[in-house]
Amino acid sequence: MRHFAVVGSGPAGFYTAEALVKAFGENATVDIIDKLPVPYGLIRFGVAPDHQSIKAVSRRYDKVAEEAQVRFVGNVGIGEAVSIGELKDLYDAVILAIGAPHDRKLGIEGEELRGVVGSAAFVGWYNGHPDFADLDPPLDGDSAAIIGNGNVALDVARILSKTHDEFAGSDIVGHALDALDRSSIRTITIVGRRGPHQIAMTPKELGELGHLAQAEPEVEAEDLPPVEADEALEPGARKSVSHLRDFAGHDDVGKPKHIHFDFFARPVRIEGEGRAERLVVERTKLDEAGQSVGTGETYAVPASLVVSCIGYQTPRLDGVPYDERGGKFANVDGKIADGLYCVGWARRGPTGTIGTNRPDGYEVAEQVAAQMPAGTDGGKTVGKGLDALLAERGVAATSFDDWRTIEAAEAAAARPDSPREKIVRHHEWLKALGR
Ligand SMILES: Cc1cc2nc3c(=O)[nH]c(=O)nc-3n(C[C@H](O)[C@H](O)[C@H](O)COP(=O)(O)OP(=O)(O)OC[C@H]3O[C@@H](n4cnc5c(N)ncnc54)[C@H](O)[C@@H]3O)c2cc1C
């Protein structure tokens, strides 16, 4: 018998557990441990609340959690309640799937001003992550700047632009919906250092901006390369650029909100009296290698809210080697050390879609299986060792059944047109569980 700990219950954690169950069958147990009382990582706390069909992937993970060999052990932070060393003693292998929950810093003057937030915080706020429930981003100004040219920037722009009715069917948290209803932001500028051919935005997400009830996207025609140059792009990127061309060709139809794409603009500093008022950017151009270089010309983009969507980092864990440059655990093909592996964003850095995490999990499960053929025994005791440690430390772990109870409470409290009213604070979770 073998016993495995998968730390993190996002996509990477669940795909790994699924692969371990397939590889070992009844000859192994898998504990999926998460610091939050509820599972699914960024599926619950990152993917946009108005993209319910994407969030539905969690149904597949439910099936994994229901396997007899698998346990969900929530409310247990590794590196906090239990150390990596302790986990390694308790399990035959530990697989870290803790994602990359920390915002990368902009590293510019004014970053500490009120109204400057990272996307992990902002997205966590509207998705009900307990760490960001009290973020209270200032939406009382008339302009926002969003830094970054990926899909997260598009999510943020769309959420800031939608009307109350356009959130029907989403699971946006009540506090964010109320605040967005009161928002006076009318101009949203998406700032990118490079140009339309260098964006990391996918066509579906870009296309959505063209169908908003009260907001219209705007692109400067002169920022677009000659149309023949699109031929060199792969089909997805070509489609994305064709959306930008549509936005550039649109007449203003008088919608009150505007989403302006400001390409070739590098953030230099954020200015304001006690709070963000403007983002100063430097005009850039591309060099021969396609990198942006400053031209020396600067100008100010009005911004009472600045959301940086420039990527994420995995936090360090004591005893786990770290790749400083990549902002992730140092690993070779997912292996960190004997008996210690990583998958998902903690392995590769914050890139790719949900599905990209699947091969990661399967590859690591294969490596583990090669080290410990099914039928061998590592002399560890089923999750009881962890349970004893948690009991000793007074840590109240949550189970998958607890999650079902929480899920039912959330569904019961749903607002009209919303599938659920998310519970976002620890004491509310405990209350839902009758504790
Ligand atoms: C804003 C945003 C929107 C996105 N939208 C989409 C989309 O629409 N479609 C798509 O395909 N992809 C989307 N993605 C990408 C997708 O979410 C990721 O590919 C995926 O979630 C990464 O999986 P992961 O398991 O590595 O990390 P995560 O999903 O982040 O899971 C990590 C888990 O580890 C837990 N954890 C962290 N630290 C600890 C600790 N110390 N101890 C115990 N547990 C811990 C966390 O609570 C979390 O549950 C989006 C990403 C973001 C940021």
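Counting starts at 1 for both ligands and their atoms, following the listed order. For this chain, numbers begin at 1 and follow the sequence in order.
- Aromatic pair Tyr15/Tyr61: centroids less than 6.0 angstrom apart.
- Counting only N and O atoms by type, the side chains of His102 and Gln313 include no donor and acceptor under 3.5 Å apart.
- Looking from atom 31 (O) of ligand 1 to the surrounding protein, the closest heavy atom is Gly10 CA, 3.5 Å.
- Near Gly344, meaning under 4.0 Å from any of its heavy atoms, are these atoms of ligand 1: 26 (O).
- The side chain of Val152, and not its backbone, has at least one atom closer than 4.0 Å to an atom of ligand 1 (non-hydrogen atoms only; side chain from C-beta on).
- Heavy atoms of Gly77 come nearer than 4.0 angstrom to ligand 1 in at least one pair.
- Residue Pro130 is tested with His427, His426, Arg425 for a side chain to side chain contact (heavy atoms under 4.5 Å, CB included); the sole match is His426.
- For the ligand labelled ligand 1, residue Tyr312 lies inside the 4.0 Å heavy-atom shell.
- Protein heavy atom in closest approach to atom 26 (O) of ligand 1: Trp345 N, 2.9 Å.
- The closest approach between Val76 and ligand 1 falls below 4.0 Å for a heavy atom of the residue.
- Here Ile98 has heavy atoms under 4.0 Å from ligand 1 in both its backbone and its side chain.
- In summary, the atoms of ligand 1 found under 4.0 Å from a heavy atom of Gly41, numbered by their order in the structure, are 29 (O), 31 (O), 48 (C), 49 (O).
- Contact detail for Val116 and Gly110: the closest heavy-atom pair is CG2-O, 3.7 Å.
- Ring planes of Phe247 and His250: tilted class, angle from 30 to 60°.
- For Pro101, the heavy-atom gap to ligand 1 stays at 4.0 angstrom or more.
- Taking any N or O of Lys35, backbone or side chain, at least one lies under 3.5 Å from an N or O belonging to ligand 1.
- Salt-bridge annotation for Glu428 and Lys431: absent, with no side-chain N of the basic residue lying under 4.0 Å from a carboxylate O of the acidic one.
- Summary of contacts: the protein heavy atom closest to atom 6 (C) of ligand 1 is Val47 CG2, 3.7 Å.
- Considering backbone and side-chain N/O of Ala12, one or more are found under 3.5 Å from N/O of ligand 1.
- To the nearest 0.5 Å, the span separating CZ on Arg194 from CG on Asn149 amounts to 9.0 Å.
- Using a 4.0 Å cut-off between heavy atoms, Ile78 contacts ligand 1 through both its backbone and its side chain.
- Every atom of ligand 1 is numbered from 1 in the order shown, and the set under 4.0 Å from a heavy atom of Asp155 is 3 (C).
- Each of the following atoms of ligand 1 lies closer than 4.0 Å to a heavy atom of Val7: 42 (N), 43 (C).
- Taking a cut-off of under 4.0 Å to the non-hydrogen atoms of Val123, the atoms of ligand 1 that pass are 1 (C).
- With a 4.0 Å heavy-atom cut-off, ligand 1 is reached by no atom of Ile43.
- For ligand 1 and Gly8, the ligand atoms under 4.0 Å from any heavy atom of the residue are 33 (C), 34 (O), 35 (C).
- Distance check on atom 14 (N) of ligand 1: every protein heavy atom falls at or beyond the 4.0 Å cut-off.
- Of all the listed residues (Thr356, Ile354, Thr314), Ile354 holds the heavy atom that lies closest to atom 12 (N) of ligand 1.
- Protein heavy atom closest to atom 1 (C) of ligand 1, with residue, atom name and distance, is Gly46 O, 3.4 Å.
- Near Thr353, the atoms of ligand 1 lying under 4.0 angstrom from a non-hydrogen atom of the residue are 11 (O), 12 (N), 19 (O).
- The line from CG of Leu430 to CG of Asp402 is 9.5 Å long, rounded to the nearest 0.5 Å.
- Residue contacts with ligand 1, taken as heavy atom pairs separated by less than 4.0 Å, involve Asn357 solely via side-chain atoms from C-beta onward.
- What sits closest to atom 8 (O) of ligand 1 on the protein, heavy atoms only, is Ile54 CD1, 3.5 Å.
- Gln371 and Tyr341 make their closest contact through CG-OH, 3.7 Å (heavy atoms, listed as atom of the first residue, atom of the second, distance).
- If you check which protein heavy atom lies closest to atom 35 (C) of ligand 1, you get Asp34 OD2, 3.3 Å.
- Of the heavy atoms in Pro11, both backbone and side-chain atoms come closer than 4.0 Å to ligand 1.
- Salt bridge absent: Arg404 and Asp401 never bring a charged side-chain N and a carboxylate O closer than 4.0 Å.
- The distance from ligand 1 to the heavy atoms of Ala97 drops below 4.0 Å at these ligand atoms: 32 (C), 33 (C), 34 (O).
- Checking Thr398 against Asn75 by side-chain atom types alone, no donor-acceptor pair falls below 3.5 Å.
- By the side chain to side chain contact (heavy atoms under 4.5 Å, CB included) test, Asp338 pairs with Lys335, sequence neighbours left out.
- A salt bridge between Glu67 and Lys22 is absent, with no side-chain N of the basic residue lying under 4.0 Å from a carboxylate O of the acidic one.
- Inside a 4.0 Å radius of atom 43 (C) of ligand 1 there is at least one protein heavy atom.
- Looking only at protein heavy atoms, the nearest one to atom 17 (O) of ligand 1 is Leu42 CB, 3.4 Å.
- For the residue pair Asn357 / Arg348, a side-chain donor-acceptor distance below 3.5 Å is found, with atom types taken as modelled.
- Salt-bridge check for Arg420 with Glu410: passed, with a basic side-chain N closer than 4.0 Å to an acidic carboxylate O.
- When only modelled atom types and interatomic distance are considered, His3 and Thr29 share a side-chain donor-acceptor pair under 3.5 Å.
- In this structure, Arg358 satisfies the cation-pi test against Tyr362, with its NZ or CZ atom closer than 6.0 Å to the six-membered ring centre and inside 45 degrees of the ring normal.
- Using a 30° and 60° split on the angle between ring planes, Tyr322 and Phe329 fall in the perpendicular class, above 60°.
- Of the protein's non-hydrogen atoms, Gly99 CA, 3.4 Å is the one closest to atom 27 (O) of ligand 1.
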